[in-house]
Amino acid sequence: MDIYTIESSKLDALTYKNAEIIQIHISKWNYFFCKARNGFLKLFRRKYRFIPYNRALLKAFRDDYDVILIENNMQVYEDIYKHAKNGTDHMIYHMHNDIDGTTKPEYLCEFIGKTACLILPVSKYIKGRFCQAAPNDKTEVLYNCVDTHFFDLNAVKDTEKLKEKYKIKENDFVFLFAGSVYPGKGVLELLRAFKKMREKYDNVKLMIVGSRWYNLIARDSYFDVLQKEALECKDDIIFTGYLYAEAMPSIYALAEVMVIPSILEEAFPLVALEAMAMKKAIVATNSGGVVESLIADKVALIVDKSTDVVEGLYEAMEKLYLNQELRERLKENAYREVHTNPCYDIDLYYDNFRKLLDQYVK
């Protein structure tokens, strides 16, 4: 397997027996060219966009593959399909974001629906959205999965140090948000719901883990709005910024309840599976594929995001805060579901993928 990706020094030390990581360098000239060309095309309202990564990728692309799998980038799919001379009848598209009219427009869904031999959305919700835009009979759900050996509550050892670092007391009740921090994720609504909790209960805390865009954009105007909103109870709201995956099991261990307050339509959030593996009760909105992963009311309290989402989040958070028996039942159900459902088992992920390859790639 050859893996094409943007260059990073963090990849230099990675080696795999049967895979090579091909790092794509993007020059400043490339950025300038694409910006100028896109400005020109915009004048004529052309759909195509020149993307620096795509141009550099096509120059490095080896074009001798039995199967080409494109990871969640529709424009890369179209560019490689039009560039490659071999393997275009064996192209697979893996999709884990909703159709949005920009990076995931309907016309590219139609193009992929006609040309791909297999389309792999991460949830039934995303499958439905794709097939609505591009009806086809080669779209199969391949669920995200979680490494339960890594996300293992019993393996966490540095809890006390983290409590000291984040000033979490022994009797504090911690709510946790983890993910990208932008308006569609509902973080502002969660803050406002938490402030209602804080007015009534003095031992509650909220951890917000994440940034605008991984470790590349630490803050923006929305993040500033969040910090301003949090000023009234700044001692009880913890902004950790972006944390790498290896830190997350210990962070989950600090929390009693995971909150997924999305007001956009989620594809299928990995944080839900991670929280389930870490035996956490969950509050979540009825957003896209979220309910799929959580099996509504069995492992989570579901909030209707089409009504007063702040009030809904607050009521669900308070319910779990006050009702230990309910919390424990949701935790046990979540833990059991993620450990017994073969769709979520990382050790079976390749086997599930290979079965679909054998069925669709001839």
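No path of Ile, Leu, Val, Met, Phe, Trp and Tyr side chains, each step under 4.5 Å between heavy atoms, connects Leu313 with Tyr182, placing them in separate hydrophobic clusters. Residues Ile112 and Tyr360 do not share a hydrophobic cluster, clusters being chains of Ile/Leu/Val/Met/Phe/Trp/Tyr side chains in contact below 4.5 Å. Leu270 and Val122 end up in the same hydrophobic cluster when Ile, Leu, Val, Met, Phe, Trp and Tyr side chains are linked at under 4.5 Å.
Distance OG1/Thr88 to NE2/His83: 11.5 Å, rounded to 0.5 Å.
Hydrophobic side-chain contacts under 4.5 Å tie Ile346 to no other Ile, Leu, Val, Met, Phe, Trp or Tyr residue.
A salt bridge links Glu311 with Lys196: the closest approach of a Lys/Arg side-chain nitrogen to an acidic carboxylate oxygen falls below 4.0 angstrom. Between Glu332 and Arg329 there is no salt bridge, since none of the side-chain N atoms of the basic residue sits less than 4.0 Å from a carboxylate O of the acidic one. Lys355 and Glu140 are not joined by a salt bridge, as no carboxylate oxygen comes within less than 4.0 angstrom of a charged side-chain nitrogen.
Every residue two or more places apart in sequence or in another chain that forms a ring-ring contact (aromatic ring centres under 6.0 Å, His included) with His339 is listed here: Tyr335. For Phe175, the ring-ring contact (aromatic ring centres under 6.0 Å, His included) test picks out Phe173, with sequence neighbours left out.
Inter-residue side-chain proximity for Glu232 and Arg198 is flagged as unmet; no heavy-atom pair is nearer than 4.5 Å.
Side-chain atoms of Tyr143 and Asn352 include no donor-acceptor pair closer than 3.5 Å. Side-chain N/O atoms of Glu266 and Tyr125 include no donor and acceptor closer than 3.5 Å.
Counting all heavy atoms, side chain and backbone alike, Val257 lies closest to Leu320 at CG1-CD1, 3.9 Å.
Between Tyr4 and Phe61, the angle of the ring planes lies from 30° to 60°, which puts this pair in the tilted group.
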